[in-house]
Amino acid sequence: MQPSQLSALGRRVDFPAIARLMNAAFERPGVLSLAAGFTDNRTLPLAEVAEAARELALAGDASVLQYGANQGNTALRAAVAARLVAMDGGNPCGIDASRVMITNGSQQALHLAASLLCDPGDIVLVETPTYFVFLEVLKGLGIRAVPMPAGPSGEPDLAGLGNLIDALRASGELARVRLVYLVSYHSNPSSRSLSLEEKAGLGRLLKAALPTVAVLEDAAYRELGYDGGGGACSVFAMPEWDGGPRLVLGTFTKTYATGLKVGWAACDDDLLLGRMLHYKGHQDFGTSAYAQALVQHAVRSGAFDRRLELLRSTYARKCGILDAALRREGLERAGWSWERASGGLYLWLAGPAGLDTGFDGPLFAAAMREGVLYVPGELCVATAGRDNRVRLSFGVLDGAELEDGARRFARAALSV
Ligand SMILES: Cc1ncc(COP(=O)(O)O)c(C=O)c1O
């Protein structure tokens with residue numbers, strides 16, 4: 001078969017960087033991965049899931065093994081809405097079970113939203129840096145990701161954003177901006193959270209220029225703040241974002257059982273939510289009813305909240321191990337800088353100016369020689385070009401292995 005026999009989409013989709021990184025790890029068994037955004041197997045709720053499965057079987061309702069509703073398990077949707085409203089401290093958009101859909105990971109919701117809001121050539125405004133797998137989704141769909149400028153510590157640069165809006169207006173492209181994408185809680189990759197003031201400032205500026213633009217707040221790590229708080233309220237509770245459709249996404253893959261792949265989307269706009277449901281119907285007409293029943297059981301029984309407590313303390317501890325090991329190895333003296341995370345699974349490090357951390361650069365080659373993997377910063381930035389930053393994850397490794405990974409990374413970094 002020739003590429004010309006494929007559709008435009010078929011010709012566009014290419015090998016995702018995430019798969020390249022995973023293959024590199026699988027091909028070299030001795031390699032320690034600080035790249036994977038996986039959770040820690042030791043924290044996965046094997047016993048709770050087994051107990052839930054037993055109780056579901058004893059309850060005798062075989063419908064848990066039947067197809068479920070396209071929108072998802074009603075009790076689980078109600079629980080998602082209630083948690084969201086509790087964290088937001090109010091519910092001006094009237095979010096309830098009817099405005100929540102369960103998806104096959106929040107990744108599916110990202111794909112549904114981008115596909116239904118944007119045509120090829122349209123623009124999504126993204127943060128700098130942002131979730132690199134979403135950048136690849138956009139690329140595959142032929143949608144342009146345009147980075148919103150950020151200041152030195154990753155804070156939104158509102159003056160720069162104003163200039164960007166002016167430039168898009170001048171080039172006649174402002175109307176092509178269809179979506180604003182924010183990873184606003186303990187972001188992947190930066191671990192940074194947007195403060196309420198920052199999110200309000202972005203809303204005011206963007207809505208003045210684009211009153212009906214949609215906003216998608218990806219809250220994948222919201223409940224993984226180490227202090228246990230939900231952080232700033234979501235865009236649902238912010239009048240600065242009134243006027244266009246609002247979506248907030250979340251997932252149980254980081255906070256409970258990763259492999260069950262249960263995520264969710266909440267939306268305040270009937271048309272958009274309806275179309276996302278139709279399109280999900282085309283894709284799979286419903287997320288696994290059994291996986292949802294297991295998650296719902298955990299939420300109802302309290303096992304989910306107990307697990308969350310354990311995860312927060314585990315990841316806070318592992319963050320401390322990686323952070324301390326990197327500092328001990330002298331990375332700061334060699335011109336590297338980073339902030340210790342207060343939630344999530346990542347450290348985002350900036351190397352000396354001019355360093356190329358990309359797959360073809362000297363650091364990646366040195367890291368492969370040392371047997372350690374990281375995510376190059378250039379993957380997480382919407383503009384092509386060299387980047388001196390890296391994402392390191394403390395999700396998978398722990399203890400001595402995590403320290404060894406840090407040592408290997410530091411040896412590589414100090415050698416280039
Ligand atoms: C910011 C962000 N959003 C969405 C996802 C998708 O997660 P899942 O499909 O497992 O819910 C991830 C996964 O790493 C992520 O980091």
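Whatever order the structure lists them in is the order used to number ligands and atoms, beginning at 1. We count residues from 1, following the sequence as given.
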Original post:
Looking at ligand 1, does any of its N/O atoms fall within less than 3.5 Å of an N/O of Tyr181?
Top reply: no
Original post:
Of all the atoms in ligand 1, which lie at a distance below 4.0 Å from a heavy atom belonging to Thr253?
Top reply: 8 (P), 10 (O), 11 (O)
Original post:
What protein heavy atom sits nearest atom 16 (O) of ligand 1, and how far off is it?
Top reply: Tyr221 OH, 2.6 Å
Subject >> Residue and atom name of the nearest protein heavy atom (relative to atom 6 (C) of ligand 1), distance in Å to one decimal >> reply: Ser106 OG, 3.4 Å
Original post:
Would you say Lys261 contacts ligand 1, with heavy atoms under 4.0 Å as the rule?
Top reply: yes
Original post:
Are any of the side-chain heavy atoms of Glu240 and Leu202 separated by less than 4.5 Å?
Top reply: no
Original post:
Of all the non-hydrogen atoms in the protein, which one sits nearest to atom 14 (O) of ligand 1, and at what distance?
Top reply: Lys254 NZ, 2.9 Å
Subject >> Exam field: side chain Arg99 to backbone Asp268, donor-acceptor pair closer than 3.5 Å >> reply: yes
Subject >> Backbone of Thr39 reached by a side-chain donor or acceptor of Thr43 within 3.5 Å >> reply: no
**OP:** Using atom types as modelled and distance alone, determine if a side-chain donor or acceptor of Arg246 lies under 3.5 Å from a backbone N or O of Met238.
**Re:** yes
Subject >> Under 3.5 Å donor-acceptor, Arg222 side chain and Gly230 backbone >> reply: yes
Subject >> Check: Leu76 and Val262 side chains under 4.5 Å, non-hydrogen atoms >> reply: yes
Original post:
Donor-acceptor pair, Glu329 side chain versus Arg407 backbone, under 3.5 Å?
Top reply: no
Subject >> For atom 5 (C) of ligand 1, the protein heavy atom that lies nearest, with its residue and separation >> reply: Tyr131 OH, 3.3 Å
Subject >> Numbering as shown, the atoms of ligand 1 that approach Val183 to under 4.0 Å (heavy-atom distance) >> reply: 1 (C)
Subject >> Non-hydrogen atom of Gly105 closer than 4.0 Å to ligand 1 >> reply: yes
**OP:** Identify, by atom number and element, the atoms of ligand 1 in contact range of Thr251, meaning under 4.0 Å from any of its heavy atoms.
**Re:** 8 (P), 11 (O)
Subject >> Donor + acceptor pair across side chains of Tyr131, Tyr181 (<3.5 Å) >> reply: no
Subject >> atom 3 (N) of ligand 1: the protein heavy-atom neighbour that sits closest, reported with distance to 0.1 Å >> reply: Asp218 OD2, 2.6 Å
